[in-house]
Amino acid sequence: MSKKVTEVVEELVTPILEDLQLELVEVEYVKEGKSWFLRVYIDKETGVDIEDCGTVSEKLSEKLDEVDPIPQNYFLEVSSPGAERPLKKDKDFQKAIGKNVYIKTYEPILNEKEFEGTLTAFDGQEVTLEIKIKTRKKTVVIPYDKVAKARLAISFS
């Protein structure tokens, strides 16, 4: 079994990002309609701009042309993860403490599978959220291995 496209792209883009002091957030390879999209999400402390994305896109394109890991035609998009950035790694959760997050679990916890609230703690084993139910605040502890998806969430309160 050969490597997945996302794994190959991750290997190709990592040294480019390290040179530019950028961080890889996520690589997606998805089909939408009849077209394939290779999306590379990058970030840095101060946020990425259009020039960062352009530089990475150019350098990654050259590497992809050399290695040619993708048989189909596809569109390469390099961008910032945006305000609702996914939380994938331990350090993403650490950085998100004190921020509003959305978490979806693999199985119900307290009869729910979706939670939104303030991330108050993360120890590598459990994610602790403070959620509001009407006017009351409630603490929910979610086992880290039950987290299916997590991202920063924009709060409009």
Side-chain angles (χ1 to χ4, degrees), residues 3-32 36-61 63-64 69-70 74-110 112-133 137-157:
K3 281 189 182 164
K4 293 197 320 209
V5 167
T6 51
E7 290 171 359
V8 172
V9 172
E10 205 167 303
E11 285 172 15
L12 294 175
V13 79
T14 298
I16 296 168
L17 296 177
E18 283 171 358
D19 281 352
L20 300 167
Q21 290 167 340
L22 295 166
E23 167 195 356
L24 178 64
V25 176
E26 188 173 18
V27 175
E28 282 180 345
Y29 185 58
V30 292
K31 189 173 186 180
E32 293 177 3
W36 282 90
F37 291 87
L38 176 60
R39 294 194 177 108
V40 178
Y41 297 97
I42 60 173
D43 210 357
K44 66 181 175 192
E45 281 301 318
T46 55
V48 292
D49 58 27
I50 196 88
E51 284 172 28
D52 293 324
C53 295
T55 303
V56 171
S57 180
E58 224 170 272
K59 292 178 183 280
L60 180 56
S61 272
K63 285 281 181 213
L64 288 166
I70 304 171
Y74 62 92
F75 296 97
L76 173 63
E77 295 176 356
V78 176
S79 66
S80 145
E84 296 201 333
R85 172 191 173 134
L87 305 176
K88 295 265 184 196
K89 304 176 186 115
D90 287 9
K91 68 177 176 144
D92 298 334
F93 281 88
Q94 291 293 343
K95 278 189 199 168
I97 291 174
K99 296 184 176 150
N100 200 50
V101 299
Y102 165 84
I103 293 181
K104 187 173 188 163
T105 56
Y106 289 112
E107 56 197 50
I109 292 169
L110 305 173
E112 297 289 331
K113 285 179 83 171
E114 293 184 49
F115 301 89
E116 190 173 318
T118 305
L119 179 62
T120 56
F122 173 73
D123 65 6
Q125 304 294 311
E126 296 176 327
V127 180
T128 306
L129 286 186
E130 186 176 272
I131 60 173
K132 253 193 203 145
I133 301 169
K137 285 185 177 176
K138 181 177 178 183
T139 298
V140 178
V141 178
I142 301 167
Y144 188 39
D145 60 1
K146 301 283 186 261
V147 174
K149 249 188 176 161
R151 62 172 166 75
L152 292 178
I154 297 173
S155 167
F156 297 100
S157 52

What are the two closest non-hydrogen atoms of [X] and [Y], and how far apart are they?
| X | Y | result |
| --- | --- | --- |
| Cys53 | Ser80 | SG-N, 4.3 Å |
| Tyr29 | Ile70 | OH-CG2, 3.0 Å |
| Leu24 | Val40 | CD1-CG1, 3.8 Å |
| Glu116 | Ile154 | OE2-O, 4.2 Å |
| Ser61 | Leu76 | OG-CD2, 3.5 Å |
| Leu152 | Ala96 | CD2-CB, 3.8 Å |

Quiz item: Just how far is it from atom OG1 of Thr55 to atom CD1 of Ile16, taken to the nearest 0.5 Å?
Solution: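 Nearest 0.5 Å value for the OG1-CD1 distance: 10.5 Å.
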Quiz item: Between atom CG of Leu119 and atom CG of Asn100, what is the distance when rounded to the nearest 0.5 Å?
Solution: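 Separation between the atoms: 10.0 Å.
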Quick one: are [X] and [Y] in side-chain contact, heavy atoms under 4.5 Å?
| X | Y | answer |
| --- | --- | --- |
| Ile131 | Lys138 | yes |
| Val25 | Pro86 | yes |
| Ser79 | Tyr41 | yes |
| Ile109 | Phe115 | yes |
| Leu17 | Thr14 | no |
| Glu112 | Val140 | no |
| Ile42 | Leu20 | no |
| Glu114 | Tyr102 | yes |

Self-check item: Lys/Arg N to Asp/Glu carboxylate O, Lys95 vs Glu45, below 4.0 Å
Solution: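 Answer for the salt bridge query: yes.
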Return yes when atom [atom1] of [X] has more than 12 non-hydrogen atoms of other residues, nucleotides or ligands closer than 6.0 Å, and no otherwise.
| X | atom1 | result |
| --- | --- | --- |
| Glu11 | CD | yes |
| Ile133 | CD1 | yes |
| Glu32 | CD | yes |

Practice problem: Starting from the C-alpha separation in whole Å, work towards a yes-or-no answer on side-chain contact (heavy atoms from CB on, under 4.5 Å) for Phe122 and Leu87. | Solution: CA-CA 12 Å; Phe122 173 73; Leu87 305 176; over 6 Å; no
Quiz item: What pairs meet the salt bridge (charged side-chain N to carboxylate O under 4.0 Å, His left out) rule with one or both residues in residues 79-90, with sequence neighbours excluded?
Solution: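 Qualifying pairs: Glu23-Arg85, Glu26-Lys88, Asp43-Arg85, Glu84-Arg151, Arg85-Asp92.
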Self-check item: Candidate pair Val13 and Val78, rule side-chain contact (heavy atoms from CB on, under 4.5 Å), full reasoning
Solution: CA-CA 11 Å; Val13 79; Val78 176; over 6 Å; no
Self-check item: Sole candidate of Ile103, Thr120, Val141 that passes side-chain contact (heavy atoms from CB on, under 4.5 Å) when paired with Leu129
Solution: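 Output: one option passes, namely Ile103.
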Exercise. For side-chain contact (heavy atoms from CB on, under 4.5 Å), just list the numbers for Val9 and Leu64, CA-CA rounded to whole Å, side-chain angles, deciding distance to a tenth of an Å, and then say yes or no.
Key: CA-CA 8 Å; Val9 172; Leu64 288 166; 4.1 Å; yes
